[in-house]
Amino acid sequence: MPELPEVESYRRYFEATALHQTVREVEVLDSKVVKVDPDYLRQQLVGQRFTGTDRIGKYLFVHLSSGRVLLLHFGMTGELAHYAPTAELPRFTRVRFGLANGYHLAFVDPRKFGRIELGDSVPQFQAAKGLSADALKLPLDNFKAALAKRMAPIKSVLLDQAVAAGVGNWIADEMLFQARVHPLRRAAHLTQAETAGLHQVMLHILELAVAHEAYYRDFPPYFLLHSRGWTDAPIAPCPGCAGEVAKTEVGGRATYFCPRCQPTAP
DNA sequence: CTGAGTGTTCTTCG
DNA sequence: ACGAAGAACACTCA
């Protein structure tokens with residue numbers, strides 16, 4: 001779930017439910033997802049107010065009244081759950097923030113690949129993680145420059161958060177499909193037009209996904225996404241040619257593409 | 001029971 | 001030093 005559009009949804013959810021709240025308690029149910037000492041996290045958070053949010057790619061940042069920054073990364077299966085004082089702790093909650101109004105905000109993550117960290121500023125985190133500008137704000141020239149020096153398959157390069165922060169596995173596939181680029185092409189070998197095309201569809205896909213709050217079923221029918229078998233409908237044929245979509249593995253990740261619409265370059 | 005999964009990070013090798 | 005490739009991480013659900 002959590003690629004850029006989902007994390008943007010989580011950011012808005014956080015703003016709608018927890019912004020301006022003061023933290024009353026912090027319960028770490030699984031210290032695996034907390035990069036700092038749980039006692040330190042508690043000491044740094046309790047009594048502080050959430051004053052604002054930021055997002056770069058898949059990273060959500062929460063500003064604290066102390067001036068410090070809380071980082072939330074959702075891994076493969078993370079999400080936020082805001083729930084009433086009387087409600088039960090959601091299943092797979094790893095960290096629970098008790099808010100001054102009695103409500104709770106849960107960091108839920110079955111697979112425990114998510115991480116919570118504490119730092120001094122967003123730029124500091126951005127540098128430490130080696131993140132490019134957020135994919136939605138990434139200038140074409142930066143994107144071109146990043147691809148030009150990489151000989152790895154374009155699919156793998158697109159997943160590198162130093163190239164276009166926020167692009168994840170289905171978005172990379174979607175970009176390659178809509179720009180008609182084969183996932184195994186070497187990044188540096190793409191033409192200027194292909195690179196520009198990828199950048200353009202990246203913005204299109206991300207803006208549309210954010211607008212639909214990453215609710216896949218609402219995406220237009222020409223999206224390859226519908227061929228992944230995620231929705232309850234059966235695996236759809238290629239939206240471009242109605243042929244069968246291929247599934248392979250690139251860089252260890254499941255990769256869907258259409259062999260007819262995305263031919264290998266000569 | 002086996003396998004696949006939306007991500008990052010570390011290690012190894014060149 | 002850096003890029004590429006692969007493994008590891010941890011756990012659920014189909």
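Not measured: the values here are computed from a predicted model. Every chain is numbered from 1, with letters handed out A, B, ... down the list of sequences.
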key: By side-chain contact (heavy atoms from CB on, under 4.5 Å) - contacts of F61(A) (at least two apart)   =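 Testing F61(A) for side-chain contact (heavy atoms from CB on, under 4.5 Å), a comparison that skips the adjacent residues, returns D54(A), I56(A), Y59(A), V69(A), L71(A), V122(A), F125(A).
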query = Should the pair H104(A) and Y83(A) be assigned to parallel (<30°), tilted (30 to 60°) or perpendicular (>60°) ring geometry?
reply =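 Taking Y83(A) first and then H104(A), their aromatic rings lie parallel (interplane angle under 30°).
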query = Can you list the stems that DNA chain C is part of, where a stem is at least 3 pairs in a row, each Watson-Crick or G-U, with both distances below 3.5 Å?
reply =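 Stem list for DNA chain C: B:2-5 with C:11-14, B:7-14 with C:2-9.
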All N/O pairs under 3.5 Å across the protein-nucleotides 12-14 of chain B interface:
none

Of all residues at least two apart in sequence or in a different chain, which pass the side-chain hydrogen bond (donor to acceptor under 3.5 Å, both in side chains) check with [X]?
X       : value
Q126(A) : none
D173(A) : K155(A), R228(A)
Q178(A) : E174(A)
E27(A)  : R96(A)

query = Does a nitrogen or oxygen in the side chain of K247(A) sit under 4.0 Å from OP1 or OP2 of dG5(B)?
reply =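 Indeed, a polar side-chain atom of K247(A) lies that close.
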request  = Would you tell me if any nitrogen or oxygen in the side chain of K58(A) comes within less than 4.0 Å of OP1 or OP2 on dT8(B)?
outcome  =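 True: K58(A) side-chain N/O within range (under 4.0 Å) of dT8(B) OP1/OP2.
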task = If a pair satisfies side chain to side chain donor-acceptor pair (under 3.5 Å) and one of its residues is in residues 200-209 of chain A, list it, with sequence neighbours excluded.
result =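 Only H204(A)-Y222(A) qualify under side chain to side chain donor-acceptor pair (under 3.5 Å).
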request  = Just call it for F92(A): base, sugar-phosphate, or nothing, with non-hydrogen atoms closer than 4.0 Å on any strand.
outcome  =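 If one applies the 4.0 Å heavy-atom cut-off, F92(A) turns out to touch the sugar-phosphate alone, with no base involved.
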Considering only nitrogen or oxygen atoms on both sides, find all protein atoms under 3.5 Å from nucleotides 2-9 of chain C and state each distance.
residue: dA4(C); atom: OP1; partner: M151(A); partner atom: N; Å: 2.6
residue: dA4(C); atom: OP1; partner: A152(A); partner atom: N; Å: 3.0
residue: dA4(C); atom: OP2; partner: R150(A); partner atom: NE; Å: 2.5
residue: dA4(C); atom: OP2; partner: R150(A); partner atom: NH2; Å: 3.2

Listed partners of F107(A) passing ring pair (Phe, Tyr, Trp, His ring centres under 6.0 Å), at least two apart =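 Here the qualifying residues are F74(A).
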From [options], pick the nucleotide closest to the side chain of [X]?
X       : options                 : answer
Y59(A)  : dG5(B), dT8(B), dC11(C) : dT8(B)
A254(A) : dT12(C), dT8(B), dG5(B) : dG5(B)
R94(A)  : dA4(B), dG7(B), dC11(C) : dC11(C)

Donor-acceptor contacts, no H, no angles, side chain residues 135-152 of chain A, under 3.5 Å, sequence neighbours left out:
residue: K144(A); atom: NZ; partner: Q192(A); partner atom: OE1; Å: 3.2
residue: R150(A); atom: NH1; partner: D160(A); partner atom: OD2; Å: 3.0
residue: R150(A); atom: NH2; partner: D160(A); partner atom: OD2; Å: 3.3

query = Tell me, which of residues 161-169 of chain A have any heavy atom that sits under 4.0 Å from an atom in DNA chain B?
reply =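 Close to the strand are Q161(A), G168(A), N169(A).
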ask   = Is the CD atom of E25(A) crowded by more than 12 outside heavy atoms at less than 6.0 Å?
value =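 Yes.
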